Participant: 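One structure, as structure tokens, below. Some questions next.
Just so we're clear, the structure is a prediction, and the values are computed from it rather than from any experiment. Each ligand, and each atom within it, is numbered from 1 in the order the structure gives. Nothing fancy with the numbering, it's 1 onward along the sequence.
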Amino acid sequence: MPTSLHDLTFDELRAVLVADGLRPAHGATLWNALQYRAETDLGLRTDFVPPLRRWLELRLGTDYVLDRPEIATHTLSGDDLTQKYLLRLSDGQEIETVIMGYPGRYTACISTQAGCAMGCVFCATGQMGFVRHLRPGEIVAQVHHARRVLKERGERLRNLVLMGMGEPLHNYDHVMKALGILSDTRGANIGPSKISISTVGVVPGILRMAEENSPYNLAVSLHGSTQEERAALIPANQRWPLVELIAACRTYGEKTGRRIFFAWTLIAGVNDSPEHAARVAALLKGLDAHVNLIPLNETAGYAGRESVETAADVFQGIVQAAGIPCTIRQRRGIDVAAGCGQLKADRKRAGSRQLEKA
Ligand code: SAH
Ligand code: SF4
């Protein structure tokens, strides 16, 4: 199996070239082209010094490859503020990458796995099942795709959220390596404080982030306020029960001193009553928490419906009254991406507005 150059950190890339007799500076040149400039066709770089060009001719395509996903589809949201890309990986797997936001404030929402093993009933990705983990280079390449798209418009990517397909903490090592590469100031240079990892509640992963004093933001998808209620929506709650999850969040908060963002997808008649809101407030008491309420994106595989606006307002009021900041997300930006997995599901039903086909 050839190694992807996008899988490598700055030091690793340099070591590869040095081992083949090149100078360390050539490693920096190649890193700059791949990770800073997000170039995909190194053959165009006729300005590379002859030893580097020879190395690429000899080794690229045989021992080493690049991660250059193809665009399978490109979809614009109704409000034109969100662009969803379905990207095809080298083995044909398709994953979602979303660019959302406003001039000066763009965020990419990226995938960490093809499919997902966690099986949340309301989630289009969960309904698909697990296919495989993404390599670091496949995670990194999604960000470079977004950076290239924005660069063409004279814009820069500022923020990154791991809220696409897959459970990031189920693919911990590859995800953390990718984020190390992406936050490297010599590359994409996305500051760790601009990066958010969203998890369904993989307790060992949260504890590891606490232990390592991980510099990224943590978002926990809660959606249920009792063991039974949460398990009905999120099968993974059987493996990592709600009490253990909250205990892990407390450990994380104490060790890192960082605020945790809790996502709550509002489903009409399922988890959107004032009693639910009161239980959420009680559950999170004493934690430095922020609750994000997200309207359900209805999916073909789940009968649940989006809450009415008044229910969301009442819910928000109760959580806020308990002293916990609480925001209702609109159905755009991050919230359209919260329905990640839907583009792929939609495509199967050929229901989406497609702009491009590879
Ligand atoms: N696996 C991680 C990250 C990807 S899912 C996690 O579960 O946190 C990102 C967010 O989208 C999660 O909060 C998830 O609960 C939410 N989500 C998934 N499907 C959704 C849907 N149909 N409507 C609204 N939110 C959804
Ligand atoms: Fe996986 Fe997150 Fe979807 Fe649950 S909500 S199935 S953890 S991607």
Participant: Less than 4.0 angstrom from a charged side-chain N to a carboxylate O is my criterion; do D173 and R208 meet it?
Facilitator: yes
Participant: Could you check whether atom OH of Y36 has more than 12 heavy atoms from other residues, nucleotides or ligands sitting under 6.0 Å from it?
Facilitator: no
Participant: Would you say ligand 1 has an N or O under 3.5 Å from any N or O of G166?
Facilitator: yes
Participant: Is C120 in contact with ligand 1, taking contact as a heavy-atom separation below 4.0 Å?
Facilitator: no
Participant: Considering the heavy atoms of N297, write down every atom of ligand 1 situated less than 4.0 Å from one of them.
Facilitator: 21 (C), 22 (N), 23 (N), 24 (C)
Participant: Just jot down the ligand 1 atoms closer than 4.0 angstrom to any heavy atom of C123, in number order.
Facilitator: 18 (C), 19 (N)
Participant: Going by the order shown, which atoms of ligand 1 are within less than 4.0 Å of some heavy atom of S198?
Facilitator: 2 (C), 3 (C), 6 (C), 8 (O)
Participant: Any N or O of E298 that comes nearer than 3.5 Å to an N or O of ligand 1?
Facilitator: no
Participant: Give the atom numbers and elements of ligand 1 that come within less than 4.0 Å of a heavy atom of T199.
Facilitator: 6 (C), 8 (O)
Participant: Checking the side chain of E229 only, and the main-chain atoms of S225 only, is there a donor and an acceptor separated by less than 3.5 Å?
Facilitator: yes
Participant: By number and element, which atoms of ligand 1 are closer than 4.0 Å to a non-hydrogen atom of G164?
Facilitator: 4 (C)
Participant: Any N/O/S atom from C116 (main chain or side chain) under 2.8 Å of atom 1 (Fe) of ligand 2?
Facilitator: yes
Participant: Can you tell me which portion of H223 lies within the under-4.0 Å heavy-atom range of ligand 1? Options are side chain, backbone, both, or neither.
Facilitator: side chain
Participant: Under 4.0 Å from any heavy atom of T299, which atoms of ligand 1 are there?
Facilitator: 22 (N)
Participant: Would you check if the distance from the ring center of W55 to the ring center of Y64 is below 6.0 Å?
Facilitator: yes
Participant: Look at atom 2 (Fe) of ligand 2 and find which of S111, G126, G166 reaches it with the closest heavy atom.
Facilitator: G166
